[in-house]
Structure formats: C-alpha cells, structure tokens
Amino acid sequence: MAGGGDDAAAARNKMVVPKRHVTGFPTEEDMEVVVGTVRLGVPAGSTSAVLVKNLYLSCDPWMRGRMSRHDEGATAPGLDFVIGETMVNYGVGKVIDSTHAEFKAGDLVWGMSGWEEYTLVTQPESLFKINHTELPLSYYTGVLGMAGLTAYAGFMEVGRPKRGDFVFVSAASGAVGQVAGQLAKIAGCYVVGSAGSDEKVDLLKTKFGFNDAFNYKSETNLTAVLKRCLPDGIDIYFDNVGGATLDTALLHMRQGGRVVVCGMISQYNLEEPDGLRNMFYIIPKAVRVEGFNVGGYFHMYSRFEEEMAGYIKEEKVVVVEDVVEGIESAPAALIGLFSGRNVGKQLVALARE
C-alpha cells in the first residue's frame, strides 16, 4: 500500500457534470465539461481508497434514469446524479495510487468511476483487476465488462437456452445485444435481431453471424416481420427496448417461451410510458417474463471473464466499438445512444496506455 497524501503533485481534472435534471429527451446542453484539479495521491488518512487515471469511459443507456429527479422512495436505476457533481458510470483505468491491499500503482482496472480524467475511488470493492491485457483494454467497457456480463447473465442464466431454440434480440447491434446474439449462436440457437439502420442490419448478418435481421424503422408492420423472420415463433426474446416491440413479441412466443427483460430504451425518455396490451398471451403458452439486474451477477464475473476472453480469442465472439476521443465528446456520445447514432459499443477514449 502507498498513499501520496496531501503533498502529492496536482494535475488538471476535466469532468462532465449535469447542469439540470432532465425531463423527456436529454440534450448535450443538459451537461457541461468543467475543469478542476486533483492531487495525484490518495489523501492522507484514507485507508482503503484507490486513485485511478481513467483511460476509457463507457456510455450506457441506464445513465438516462439518473439524469432525472425522482421522488424520494421512487425506484430508479441508481441514485439521481447531483447537479454540478461529476457523473458516474463504468470505465477502464490505471491505478495511480492506492491504500487498498488488493490494488497497487500500475494495476489496470475496470469498474464504477467518474466521468472525469482522474477518480478517487473510495469503494474499491466496485473495481475489478483486468486479467487479459493481451486484449484491447477498451473491451472492458463492453464485451468484457458490464455490458458483456449483462448479456451473459441475461441470456444464459435467465434465458436458459436450449440447442435449436428460436431467439429474437432487439437493439441487437448495441453493446449488450451484439453479445447476447453471439452467445445464442454459440448455444446452437437460430437468431434474429432488430436494429435501427440498414448498416446495422448488415453488421448483424455479416459480422455477428445472426441468421436474419431487420430494420425496425423501415418495417411498417412488426407482426408481419416477426412472422416472416420467425414463422415458428420465439423461444427466447431478449428485450432491450420494451414498448411496442415487447408487446408484439408476446404474441409470437412459443409454448414455454422466455422473455428476458434487460432494458427498455424506447421508454426512458417518455413522460408517460407505453402500456402493454398483449399480456394475456403469456398465460395459455406458459411464457415466463423475467427482468434482471446485472448487479446480482457480479459474483460470477471471474468465470464470465475467462469464458468470454476464450470466445474472443477463438473468434466465436467479435466486437464492434464506436469510439470518440476526449472527454469533451462524452455528452454528445451519450445523447447519441437515444437516437441510435452509435454503431456498436459506444465509448470515450481519454488516454491510451
């Protein structure tokens, strides 16, 4: 253990902070980049803290929930961001200083961090050491980090695939969807994905190995396209979008089907969420609809990391990233998620080691 204390050198620290709480669709103007300073050492007296230089920041749809103000006691995907204080999300970084027994200067880590150049992590139990430095470090913002574990836990543990299952994945080219679909192929399933552009549909078919895919923005009848792509119905629907897509998928579930409710990006910016009309259909077909939170699966991270790293090295799982440079680009990158501007996993590169 070290600890530079209050005599450590100071450095500039650019950070992204919210300017106001958001109603409806967020904009870049709801955030701003401010410049502060940081001591390049853990403060004196901190017995279990880690100072991290952030290398890559992850952009994830779940951050939208934290940008709004929720009534006390309301269920939100995390605590509300505090106006004027650094936003937080998962990132990849290098340890600069540490007073925690499990981390030392020079370690590469991923976990919950600030949207800033340097973060003092006071709860280091949220950090994981990076074991596969032979792979791109940026992968730990996605396929080897929270998004990959989300896909793995959701599809394998909640979806419980069987060889020959018919699988439908929405938002299939995103950070979670691209991994869920490829895991389905590894499991011997027939996989169909939806995405929001012809370019993304082509990626699903040619890069990620989906059996079929469609552009939901150009299809006027979702019922017809699901019948066309999955004429025998759906065994597993991995839902990233909610709304009308979820409602329509319920009509097409097979006997004993499973709906894995992972996210609802179509609903995050609505003041009045869409309702579901087809819930009745889960009864006669004994369909199981189950939501999950990746926070309940971090205990299996070590197993997941080794398995996923193996798939990547064997080229059974391929990765598409959408990388922007510099913390000044972070607000626009986050906002772009909600219009589908990104192609693949959206992340921000701050420094390259």
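Everything numeric here is computed off the predicted structure, so don't read it as measured data.
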Worksheet item: Would you say Lys285's side chain and Met253's backbone share a donor-acceptor pair under 3.5 angstrom?
Response: yes
Worksheet item: Quick one: side chain to side chain contact (heavy atoms under 4.5 Å, CB included) partners of Ser48, sequence neighbours excluded?
Response: His100, Pro124
Worksheet entry | Test of ring centre spacing under 6.0 Å for Trp110 and Tyr301 | yes
Practice prompt. Look only at the side chain of Gln178 and the backbone of Ser173, and say whether a donor-acceptor pair between them is shorter than 3.5 Å.
Written response: yes
Practice prompt. For the pair Thr99 (side chain) and Ala49 (backbone), establish whether a donor and an acceptor sit closer than 3.5 Å, ignoring hydrogens and angles.
Written response: yes
Item to complete: Would you check if the side chain of Asp212 reaches a backbone N or O of Val192 as a donor-acceptor pair within less than 3.5 Å?
Response: no
Fill in: Leu230 and His252, any side-chain heavy atoms less than 4.5 Å apart
no
Worksheet item: Around atom NZ of Lys217, are there more than 12 heavy atoms of other residues, nucleotides or ligands at under 6.0 Å?
Response: yes
Fill in: Side chain proximity check, Asp97 to Leu40, heavy atoms < 4.5 angstrom
no
Worksheet entry | Aromatic ring proximity, centroids under 6.0 angstrom, Phe298 and Phe128 | yes
Discussion item. Looking at Glu134, I want to see if its CD is surrounded by more than 12 non-hydrogen atoms of other residues, nucleotides or ligands under 6.0 Å.
Written reply: yes
Worksheet item: Under the side chain to side chain donor-acceptor pair (under 3.5 Å) criterion, do Asn89 and Trp62 qualify, and how do the steps go?
Response: CA-CA 9 Å; Asn89 192 25; Trp62 77 279; 2.9 Å; yes
Practice prompt. Please tell me if the side chains of Val22 and Phe81 come closer than 4.5 Å, counting only heavy atoms from C-beta onward.
Written response: no
Practice prompt. Run through Arg254, Arg258, Arg160 and flag the one making a side-chain hydrogen bond (donor to acceptor under 3.5 Å, both in side chains) with Asp165.
Written response: Arg258
Discussion item. Is it the case that atom CD in Glu306 sees more than 12 heavy atoms from other parts of the structure closer than 6.0 Å?
Written reply: yes
Discussion item. Determine whether a donor-acceptor pair (N or O, by modelled atom type, separation under 3.5 Å) exists between the side chain of Lys316 and the backbone of Gln182.
Written reply: no
Worksheet entry | Backbone of Gly65 reached by a side-chain donor or acceptor of Ser68 within 3.5 Å | no
Worksheet item: Can you tell me if Lys53 uses its side chain to pair, donor with acceptor, with the backbone of Ala351 under 3.5 Å?
Response: no
Discussion item. If you count every heavy atom of other residues, nucleotides or ligands that lies below 6.0 Å from Arg277 atom CZ, does the total exceed 12?
Written reply: no
Worksheet item: Do Asp247 side-chain atoms and Leu276 backbone N/O form a donor-acceptor pair below 3.5 Å?
Response: no
Practice prompt. Would you sort out whether Lys185 and Asn211 count as a side chain to side chain donor-acceptor pair (under 3.5 Å), showing the intermediate values?
Written response: CA-CA 9 Å; Lys185 290 295 295 182; Asn211 297 97; 3.2 Å; yes
Discussion item. Among residues at least two apart in sequence or on other chains, which ones pass side chain to side chain contact (heavy atoms under 4.5 Å, CB included) with Ala332?
Written reply: Glu28, Arg341
Practice prompt. Verify the distance criterion only: is there a donor paired with an acceptor across the side chains of Tyr297 and Thr150 at less than 3.5 Å?
Written response: no
Worksheet entry | Intermediate values then yes/no, side chain to side chain donor-acceptor pair (under 3.5 Å), Tyr140 and Ser58 | CA-CA 9 Å; Tyr140 282 85; Ser58 178; over 6 Å; no
Worksheet entry | Main-chain N/O of Cys59 paired with Lys345 side-chain donor or acceptor, under 3.5 Å | yes
Discussion item. Tell me whether Lys19 at atom NZ has more than 12 heavy atoms from other residues, nucleotides or ligands lying less than 6.0 Å away.
Written reply: yes
Worksheet entry | Co-membership, hydrophobic cluster, residues Val92 and Met87, 4.5 Å side-chain | yes
Fill in: side chain to side chain donor-acceptor pair (under 3.5 Å) evaluation trace for Glu307 with Tyr152
CA-CA 10 Å; Glu307 190 171 331; Tyr152 183 89; 2.7 Å; yes
Fill in: Set of residues satisfying salt bridge (Lys or Arg N to Asp or Glu O under 4.0 Å) with respect to Asp107, sequence neighbours excluded
Lys104, Lys129
Worksheet item: Is a donor on one side and an acceptor on the other found under 3.5 Å between the side chain of Ser194 and the backbone of Tyr216?
Response: no
